[in-house]
Number of protein chains: 2
Amino acid sequence: MLKISKKADYALMALQHIALVQFGDVTPGRVVNTKEIAEEYNIPLELLAKVLQALSKNGMIESHNGPKGGYLLARNASHITIAQILESIEGPLGLTDCSHEKDGDFCMQREHCNIRTPLLKVQDSIYQLLNSMTLQDMMGGTPLITIQSPSTQGVNR
Amino acid sequence: MLKISKKADYALMALQHIALVQFGDVTPGRVVNTKEIAEEYNIPLELLAKVLQALSKNGMIESHNGPKGGYLLARNASHITIAQILESIEGPLGLTDCSHEKDGDFCMQREHCNIRTPLLKVQDSIYQLLNSMTLQDMMGGTPLITIQSPSTQGVNR
DNA sequence: TGATCTCCGATCTAATAGGTCGGACTAAAG
DNA sequence: CTTTAGTCCGACCTATTAGATCGGAGATCA
């Protein structure tokens, strides 16, 4: 349960790779093209291309056209959070369909629904977790993250 | 992203309803049948039945056959966690396919995968969160039973 | 014994994830 | 200024799964 998609998976791998090349390497500032990443991690080329396009469109990376072109991180790895990456690919975080319902767009159960509020609290906690971790944290030694339980924050009402 | 299934949604609603009837009501100990829940929350009857069967099979509730039959919580609401409920319906928590891979059952990217370890940490944090919240916590108006100190969080079993 | 339940497996279909294809555009190198 | 290697973009196909349905078997109690 709560699985992220393969595309999101690929996005994380690709960004981590780009970040490594750009910062940790002997050739800082080098652009990375789709093919290089696809071959390194055994990712279908065309699918990865779509993922990178989405990341580019959402401002995670910059694309450079033409030969010797490729991708660069749009900003420092410490300013790109896991939440931002995942949302670029899979859309906004939401445990349930009703997470982002506008007024007058209710689900069939909304009238007597008793779980919406507590689930929103859980969702918020998960969001904080994903947003507190950055690409930087995924490079090399990763620190253990802690999460605040909503049950300590007054879930009821 | 990270949406839980409708079935899991229904499971949470149903259990919350059963818990309310059983403990907070004027008729404590009363059994609750599938139809009652389905009508109250506009859930397709047959689908809800399957959900309740799964919950019963996984020890969340007890089923009582025959007329005047129905379901009862298998144990106190404070001892049923959200994680247990969700896993009864959707299977074990896992952000990626490789979360529960046995030896020799690797994904195509495993060889150079750089995100597996950090994602497992995230996953563990989410699990702790879902496991720290109980059915009791989802019943409005009722007092919380377990209050976790923030300083004790993030500790692995 | 009949009515009313739960139980259980088979099945259908609608949505989505995963993956593919083909062509348009762009920029650097010859 | 032409060629070529790369990104860009959108349509498309397919396999899997979630969501929902159906029919009958077995249990229980009046």
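In the text below, chain A, chain B and the rest are named by the order of the sequence lines, each starting its count at 1.
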* Structure fact -> From CD of B/E46 across to P of C/dT11 the rounded distance in Å is 17 Å
* **Value in whole Å for how far the C1' atom of C/dA17 lies from CG of B/D97** => 11 Å
* Asked: When you measure from the side chain of B/N65, which nucleotide among D/dT21, D/dA27, D/dT7 comes out closest?
  -> D/dA27
* Structure fact -> The answer to which of A/G66 and B/Y71 contacts DNA chain C further toward the 5' end, by nearest nucleotide, is B/Y71
* Asked: Rounding to a whole Å, what distance do you find between B/E62:CD and D/dT28:P?
  -> 13 Å
* Separation of C/dG18 P from A/L48 CG (nearest whole Å) -> 14 Å
* **Short side-chain to backbone donor-acceptor contact, B/S56 and B/L52, under 3.5 Å** => no
* To do: Check whether any side-chain nitrogen or oxygen of B/S56 sits under 4.0 Å from OP1 or OP2 of C/dT6, and answer yes or no.
  => no
* With respect to the side chain of A/L47, which nucleotide from C/dG18, D/dC22, D/dT7 is positioned closest? -> C/dG18
* Is there a donor-acceptor pair closer than 3.5 Å between any side-chain N or O of A/N58 and the backbone N or O of A/A54? -> yes
* For the pair made of CD1 in A/I4 and P in C/dT16, what is the distance, rounded to whole Å? -> 19 Å
* Asked: Roughly how far, to the nearest 0.5 Å, is CG of A/L135 from CE of A/M139?
  -> 7.5 Å
* When all nucleic acid strands are considered with a 4.0 Å heavy-atom cut-off, which category describes B/K50: base, sugar-phosphate, or nothing? -> base
* To do: State which of C/dG19, D/dA18, D/dC29 makes the closest approach to the side chain of B/S5.
  => D/dA18
* Asked: Quick one: which of D/dG19, C/dA17, D/dT7 gets closest to the side chain of B/K6?
  -> D/dG19
* When you get a sec, tell me which of C/dT4, C/dC8, D/dA5 is the closest nucleotide to the side chain of B/Q53? => C/dC8
* Asked: Between A/T34 and D/dT7, is there a side-chain N or O to OP1/OP2 distance below 4.0 Å?
  -> yes
* Asked: Among B/Q22, B/E36, B/E40, whose side-chain hydrogen bond (donor to acceptor under 3.5 Å, both in side chains) with B/H17 holds?
  -> B/E36
* **Shortest non-hydrogen contact from B/R75 toward B/G59** => NH1-O, 3.0 Å
* On DNA chain D, nearest-nucleotide positions of A/K57 versus A/K68: which is more 5'? -> A/K68
* To do: Starting from P on C/dG18, measure out to CG on A/D9 and report it in whole angstrom.
  => 9 Å
* Structure fact -> Taking C/dT6, D/dT28, D/dA20 as options, the one with an atom nearest any side-chain atom of B/P44 is D/dA20
* Asked: When the distance from CG of A/L45 to P of D/dC9 is rounded to whole Å, what number comes out?
  -> 16 Å
* To do: For A/Y10 and C/dG18, give me the distance from atom OH to atom P, rounded to whole Å.
  => 7 Å
